[in-house]
Amino acid sequence: MNQEETDFEPTDMPSASGHFGRFGGMYVPETLMTPLFELTEAYKEAKQDPEFNRELDEYLKEFAGRPTNLYFAKRLSEHCKGAKIYFKREDLLHTGAHKINNAIGQALLAKRMGKKRIIAETGAGQHGIATAAICAKLGLECVIYMGEEDMRRQSLNVFRMRLCGAEVRGVSAGQKTLKEAVNEAMRDWVTNVRNTHYIIGSALGSHPFPMIVRDFHRVIGEETRRQILEKEGRLPDEICACVGGGSNAIGLFFSFLKDKEVTLTGVEAGGRSLESGEHAARFSGGRLGILQGAKTWILQTEDGQIDSTHSVSAGLDYAAVGPEHAYYKELDRINFGYASDKEALDAFQMLCKIEGIVPALETSHGIAYAIQRASELPEDALLICNLSGRGDKDVQEVAKVLGGN
Ligand SMILES: *Cc1c(COP(=O)(O)O)cnc(C)c1O
């Protein structure tokens with residue numbers, strides 16, 4: 001394979017201080033510095049321990065259902081009259097999305113560190129369910145923080161977490177959604193850090209979390225690379241994924257960062273419009289700032305207050321993007337676009353109708369881009385889109401939005 005020289009080494013990122021270029025870092029209260037350093041050390045050791053990696057692989061295989069298929073969407077490709085579209089089927093994993101990869105990895109890390117209590121935040125509930133499931137499996141105590149507004153919108157997911165033995169604590173501050181749930185989880189962690197590990201749900205927050213979450217999702221891209229070489233005998237022309245915090249995207253992209261001939265595209269939530277408060281496209285309306293531990297692109301007002309956000313999909317509805325994405329955006333290695341609520345809903349329906357697959361609304365943003373992009377590419381081009389999760393959780397919301405049509 002003809003690999004061009006690149007001016008960066010992905011595996012060296014982040015730096016020892018937790019920076020991806022000028023992004024990332026550790027912007028946390030003093031009391032959290034020691035536990036974050038301990039976590040960094042413990043993770044470094046675990047990563048080099050064959051026994052830890054063997055156990056991780058076993059859980060990914062036996063509990064989560066890896067490897068997932070790389071699926072050729074034949075009818076959708078024909079419909080688009082362009083590139084061959086492949087989907088990486090993370091929707092087929094246990095609990096319905098890629099989130100279980102990270103939840104398993106961090107829960108095993110917590111067990112190794114002797115921490116018997118797990119806390120996590122959740123927005124739509126997918127990360128909460130993945131965390132509750134692996135905690136049940138490992139016999140760990142589990143507390144999930146969730147905004148009261150999200151609990152109301154996702155009551156079925158709250159029940160699923162409780163069925164798995166998790167305690168779900170409602171958060172009534174502010175907008176009562178994900179940002180407030182993260183604050184509450186951080187507060188708990190500061191207080192209980194001796195026996196508690198905080199499993200953050202995306203490639204966000206203070207170092208070492210963006211690195212740890214990325215690494216536990218790298219298996220997505222490693223499998224994809226192997227599978228496309230088996231099926232097509234060459235690398236794809238382009239790969240794409242939706243970007244909330246950015247964990248499914250960086251997990252898929254990481255193994256392709258050095259292959260400059262492969263275009264990488266992240267798709268953010270364009271919401272109703274690019275007016276302030278109507279979307280979550282950080283790279284289209286955000287500015288550099290600091291939120292919940294990391295320096296990155298953030299949707300904020302003129303005087304630095306965090307802006308409200310909107311997306312039809314709760315999982316993309318967050319004011320900050322993972323710092324590693326900000327870095328590769330600056331290097332022009334990852335391109336970013338966005339899909340609107342309407343485009344995502346259209347893509348959702350098209351995938352159901354043409355391929356018989358019900359995707360998550362988050363995922364549908366990536367699919368919307370893939371459909372449009374495939375039609376611009378020649379017929380011998382290869383386009384891979386990460387199918388990050390299944391849409392069972394969204395069916396009711398879609399029915400409501402479409403008015404029963
Ligand atoms: C949570 C979620 C996302 C967004 O999170 P990332 O960290 O950006 O991957 C995307 N798709 C699905 C199905 C999700 O559950």
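In listed order, ligands and their atoms are each counted from 1.
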- Task: Specify the protein heavy atom at minimum distance from atom 3 (C) of ligand 1: its residue, its atom name, and the distance to 0.1 Å.
- Result: Lys99 NZ, 3.6 Å
- Message: Could you check whether Glu58 pairs with Arg54 (Lys NZ or Arg NE/NH1/NH2 to Asp/Glu carboxylate O, under 4.0 Å)?
- Response: yes
- Query: With a cut-off of 4.0 Å, which atoms of ligand 1 are near a heavy atom of Gly246?
  - Reply: 6 (P), 7 (O), 8 (O)
- Note on the structure: Per-atom filter on ligand 1: closer than 4.0 angstrom to a heavy atom of Ser202 are 6 (P), 7 (O)
- Query: Got the closest protein heavy atom to atom 4 (C) of ligand 1, with its distance?
  - Reply: Gly315 O, 3.4 Å
- Message: If the threshold is 4.0 Å, N to carboxylate O, is there a salt bridge linking Asp259 and Arg225?
- Response: yes
- Task: Within a distance under 4.0 Å of any heavy atom of Gly244, pick out the atoms of ligand 1 and give their elements.
- Result: 8 (O)
- Task: May I ask you to check whether His98 has an N/O atom sitting below 3.5 Å from an N/O atom of ligand 1?
- Result: yes
- Can an N or O of Gly201 be found at a distance shorter than 3.5 Å from an N or O of ligand 1? no
- Message: As a check for students: among His365, Glu362, Arg390, Lys393, identify the option with a heavy atom nearest to atom 10 (C) of ligand 1.
- Response: Glu362
- Between His98 and His217, is the ring centre distance below 6.0 Å? yes
- Is there a nitrogen or oxygen of Asn248 sitting under 3.5 Å from a nitrogen or oxygen of ligand 1? yes
- Query: Between Leu204 and Phe209, which heavy-atom pair has the shortest distance, and what is it?
  - Reply: O-CB, 3.5 Å
- Item | Residue, atom name and distance, where the atom is the protein heavy atom closest to atom 11 (N) of ligand 1 | Ser388 OG, 2.8 Å
- Message: Between Glu78 and Arg75, does any NZ, NE, NH1 or NH2 come within less than 4.0 Å of an OD or OE carboxylate oxygen?
- Response: no
- Message: Any atom of ligand 1 sitting under 4.0 Å from a heavy atom of His217?
- Response: no
- Residues that Glu223 engages under side-chain contact (heavy atoms from CB on, under 4.5 Å), provided they are two or more places apart: Arg66, Pro67, Thr68, Lys88, Val219, Arg226, Gln227
- Atoms in ligand 1 flagged as close to Gln126, the criterion being non-hydrogen separation under 4.0 Å: 15 (O)
- Query: Parallel, tilted or perpendicular for His197 and Trp189, by the 30°/60° rule?
  - Reply: perpendicular
- Query: With the threshold set at 4.0 Å, does a side-chain nitrogen-carboxylate oxygen contact exist between Glu141 and Arg117?
  - Reply: yes
- Identify, by atom number and element, the atoms of ligand 1 in contact range of Ala360, meaning under 4.0 Å from any of its heavy atoms. 13 (C)
- Message: I'd like to check which ligand 1 atoms, numbered from 1 as shown, lie under 4.0 Å from a non-hydrogen atom of Gly389.
- Response: 13 (C)
- Task: Measure up the Phe20 and Tyr327 rings against each other and bin them: parallel (under 30°), tilted (30 to 60°), perpendicular (over 60°).
- Result: tilted
- Message: Using 30° and 60° as the class boundaries, would you call the ring planes of Tyr27 and His19 parallel, tilted or perpendicular?
- Response: perpendicular
- Task: Answer side chain, backbone, both or neither: which part of Asp91 comes under 4.0 Å from ligand 1, heavy atoms only.
- Result: neither
